[in-house]
Each structure stands twice: as C-alpha cells, then as structure tokens.
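In this text the structure is predicted, and so the values were computed from the model without any measurement. Convention: sequence-line order gives letters A, B, ...; per-chain numbering from 1. In what follows, every heavy atom counts, from backbone to side chain, and hydrogens, waters and symmetry copies are set aside.
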Amino acid sequence: MAYQVSVFLENKIGHLERVTAVLKEHQINIRTMNLTHTANGWGILNLVVSDPEKAVGKLGEKGLSAALREIVVMKMSDQPGGLDQLLQQVASANVNFTNAYGRVEQEGELAFFVIDTDDVDNAKEKLTACGISILNDSDIYGGVK
Amino acid sequence: MTSIYWEPELETLSRNDLQKLQVERLKKTLGFAGESSFYKSKLQECGISADDIKCVEDIRKLPFTTKQDLRDHFPYGFLSLDKKEIIRLHSSSGTTGNPTVIYHNRHDIASWANLMARSLYTAGVRDTDVFQNICGYGLFTGGLGFQYGIERLGCLSIPAGAGNSLRQIKLMQDYGTTVAHAIPSYLGRLYEVFESMNLDPAKDTKLHTLVIGAEPHTDEQRRRIEDMYGVKAYNSFGLSEMNGPGVAFECTYQDGLHIWEDAYIVEIVDPETLEPVPDGEVGELVMTTLDRQANPLIRYRTRDLTRIIPGDCACGRSHRRLDRITGRSDDMFIIKGCNVFPMQIEKVLLKVPEVGSDYLITLDRQNDNDEMIVEVEVKKDWFRGDITRLDKLTKQITHQIRDEVLAKPIVKLVEPGAIPKTEGKAVRVKDLRKRS
C-alpha cells in the first residue's frame, strides 16, 4: 500500500517552509508534491516522500496536522501523448479520482502519475485489468531501479 | 400646526414633577413586585417597603437584580400577577441556561405600545406614514414591539419580517413605504441589492425616514446609511428585559436617545463599586420599570455601558438622553442584532470532534456589514488529508453556530496552535468594529 503525506496548511507566508524544514532535518526526500488551495484561506499539501510514516510522525511532533493517505501510482510513458493514453485507460476502467499529480522518473522514458481516489483496492483491481501497471511501494519511495 | 410631541405634557414635564411621578410610580411598582416570589423575599430581606421611598435617590436602598436572578427563578419567580391576567411572553433562546422571560398583562402591552408610538413620533413618524418593519417577528421583541407601536401611532404597517431583500424592495415600491425599521448592517446589504437592480433608493422609493437599532453601530455608519438612502436614520434602543424596543429613542436633533423616565428610573453606576457616577461619565446602565404590572424589575443591571448626556435637548423634552452603548460589562456581544455569548459558540465546537475547543471570534466590519469570523483549529488526530471532508466540516460548523446564535458566522479552519493561548481567562473575542 502506497501513501502520500497530506498536510493541512493555512495559506500564509512561511507555512510551507515549516514542512520542508522538518523534512530536511530528518533527511526525508521529496519525490513529488502538489498543493491544493481553497477559497477559505487554507489548503492541503500532498507529498510523496522517501519515508511517509516517519514524515507524518515528525511533522506531527512539530504540531502540524499531517496524515497518511493511500494513493494509487501508475506508470506512464514520458512522451507526448503519454498522459492522454493513460487517462483513456483509466476512464475505460471507470475509475474516478479527486486529485492527481505526477513525476518524471526517467527523462523521455518513464513517468508516474499519482491519483487520490475513494476505494483504492477496487480501483487498483480495475486499473490492472485494463492493462495499467501500478508501481510498487519501493519504486514509489525510492525510485525505479 | 400639530405638536412635535406625542404626549406634550408628559414629555416636557419639569424635572421636579417628573421625579415626583417617578417616586409615585416606584411605590406602585414595589407593590406589584412584592407579589412575586422573588421580590417578596428580596424586599423582606432588605427591609425596605414603599413607605421608605421619599425621593428618587431612595432607590439606592433597594437591591440590584441581575440576568442570573431571572434565570435562577425561571419560569414564574418574577411573575407578580395571576397567570390568567397574562396575555403574552417574550423570551430569549435560553441556550446558555434558562431563558430570560418577560410576561405582560394587557396594561403592560398597552403601555409598551404607547412608549413605542411615542418613540416613533419623536423621530418624526406620523399616522400618514407607511411603515415597513424589516425585523423578525416571534419571541424576538423587535417584531411585535414595533408592530404594536406602529399600529398605536396609526401608520399603515407592513409586517415584512426579516430577510428576503428582493421582496423587501418590492413591498417598498408596491405600497410606497415611507419609513422602515431594520438593523443597520442589513440596510447595508439591502442597498447592495438596490444597486444590483440599478435602483437608487433615494430616487426610486418614497422613504423619508429609517429607524435603526438592535446592534451596536457608530455615528459614521449611520451617516453612511443616511447617504445611501438619502434620508434621516434614527437610533433606537431597547432590551427585552425592559420590554424591548421603545426604551430610548432619538429625536429629530439626533443628539442622544431620550430615555422615557416616566416609564423607567435610569441609573448609571460604576460596574465594580456599583456606586452612581455623575451625568456625563460612562458606567453600567441600571434600570427600574415604573409602568409594568406583570413583571416589574427593580434596579436591573443591563450590563450595557453608556453615559447620560449632560444638559438639555433643543427639542424641549425633559427626559434625559443616553449616549450610544459603548460596550458591555460582561462578555456578551451583539452581531447582526443577535445577542451572543462566547459560551454558545464553545458549546457547538465541543460537539465537533474534528476541531479543538480553542477558538477565536473576530468581529469585523466588512463592506458595511458586521461579520463574525470564527477561527477553529483542525485537530491533528482527526485530520485525514481529505479536502472534501474539511469543506463539509466548515459548512457543518457554520450551520450549527447559526442555529445556535441565529447569526451566520464565517468559519475559518486554522492549523493547530494557530490560536493564541493565554493564561487564565482566554481572549475569545476580538472586536475590530470601530466604536465612536
């Protein structure tokens, strides 16, 4: 099971840096991230990191609201049309998601795409059945060797 | 020429005669009060009877009454008459304890209606006017209190109720409303609706007078409302324990609110020592009813801070003038016409496990509207990283607070620890509304 680290943040100067400082202090590597914002003055920072459990623990110690949130990470080709091809397959698998972001893993070759969806197990099953390859945890956290 | 006074003799009574009338009515009031279980024992305790009252100052021999007394002796401890004599009650929501309830017999309702009519007449309202009361009806005194006064005065009344701006504007246009009563912040919102319809209330309505009250506002805010609508806006003061509206009202000179001293004895006291302060100095307003039979109140501590404006008014009325209310001697605040205790907000938040019980209420004026901003911390242990859930939580808290205090807050989620913690009594309310 793969996790992102989600952090509740007010949209204020210096607040994002509070998170990155903690990760730096504990030598946790950020693999990819995304930041959502609401009209109510706050947002959620989503991070894929080298050690999500440690990250949540250390952020919590600093008083931040951080949580592990299960994600599905899929492979796609780092070429024009790569994401389009993947999304066609995701749609045919009838999987909906609320948030998504990506990362280039090997320039011109391999990228990965992170989605936040309600029923992760069910989604994984449907996506695999449509020929999508799901990354394993060590590849997500440590890179594809 | 018609008189500028509703009751010329009473309104211009010499101070001496007014005080004589007060003494006479205070004695009567003590008679009624002695029939209630609360005052019966209270008066026996202090050993003062009507015979000991020789001048108005003798009222200081009598004990104070507090809101807590009203709550502790709920529901009938203050009732002076047999229940069959009572025709109406008004009450607070009672969410922070027992409700504060006031009972009225026929005499009390007629007396209140007359004071309300006198108040409106003082502000220049006449029986030829069409009066739209933009105010909640029901247990809240602003609806029926004004209604009876408007009818007593003889205007054509439109009991419009609160809210629904489009309908308010349509009523104004259909019936040619000349006077309207509303809380000041609502008139700001209503003006925006006029603007969005490309209407100018100064030209496109027949309004000539507005009556504003039930929420603290500055003179600057009043002047802005007057500019928006191109009319005079008069300040109204009342509190449910003293009937409701019609306690004190501005005359056309707009220089303080004449408090009707034939119906109330007014004292301004130091809230710490409870000793009287001289006219002109700010203190807590203490009031005694002089013309209420079912539910008299003696030396009731209103918790409102204000002062008596020294000197005579150019209008010729001998009843002294209250200045605007400058604050409270307890932690209650008023927003959008609703009385709110921070405790009520706390009660709602305690039932929402996702947020901590620390909160900060900020009262601010934004584009002429008073807003109540409630900041709450998203608890670490409950946070799941789900944006939809937090959005739902915001809406849920907004609705629950609204149901509790009747005013809609702006709920802001903040990070844990974002709300400053203070030793001892926490600062829960920050009032940024400018008070003049």
Inset, instruction - Mark yes when over 12 heavy atoms from residues, nucleotides or ligands other than Lys126(A) sit less than 6.0 Å from its NZ; otherwise mark no. - result: yes
Legend entry - Selection from Ile410(B), Val414(B), Val378(B) maximising heavy-atom pairs under 4.5 Å formed with chain A: Val414(B)
Legend entry - Residue-level interface, residues 388-399 of chain B with chain A, non-hydrogen cut-off under 4.5 Å: Leu390(B), Asp391(B), Thr394(B)
Inset, instruction - Count the heavy atoms of every other residue, nucleotide or ligand shown that sit under 6.0 Å from CD of Glu53(A), and state whether that count exceeds 12. - result: no
Inset, instruction - Check the surroundings of atom CG in Asn122(A): do more than 12 heavy atoms from other residues, nucleotides or ligands lie under 6.0 Å from it? - result: yes
Inset, instruction - Rounded to the nearest 0.5 Å, what's the gap from CG on Asp386(B) to CG on Asn99(A)? Could you check? - result: 10.5 Å
Inset, instruction - Keeping the roles fixed (side chain from Ser65(A), backbone from Phe383(B)), state whether a donor-acceptor pair exists under 3.5 Å. - result: no
Inset, instruction - Scan residues 54-83 of chain A for pairs that pass ring-ring contact (aromatic ring centres under 6.0 Å, His included), counting only residues two or more places apart or in two chains. - result: none
Inset, instruction - Taking heavy atoms only and a threshold strictly under 4.5 Å, list by residue number the residues of residues 6-43 of chain A that touch chain B; give 'none' if the list is empty. - result: Ser6(A), Val7(A), Phe8(A), Leu9(A), Glu10(A), His15(A), Arg18(A), Thr36(A), Thr38(A), Asn40(A), Trp42(A)
Legend entry - Other residues, nucleotides, ligands: >12 heavy atoms within 6.0 Å of Glu195(B) CD: yes
Legend entry - Euclidean distance, Glu61(A) CD relative to Lys380(B) NZ, rounded to 0.5 Å: 8.5 Å
Legend entry - chain B contact residues among residues 69-98 of chain A, heavy-atom distance under 4.5 Å: Arg69(A)
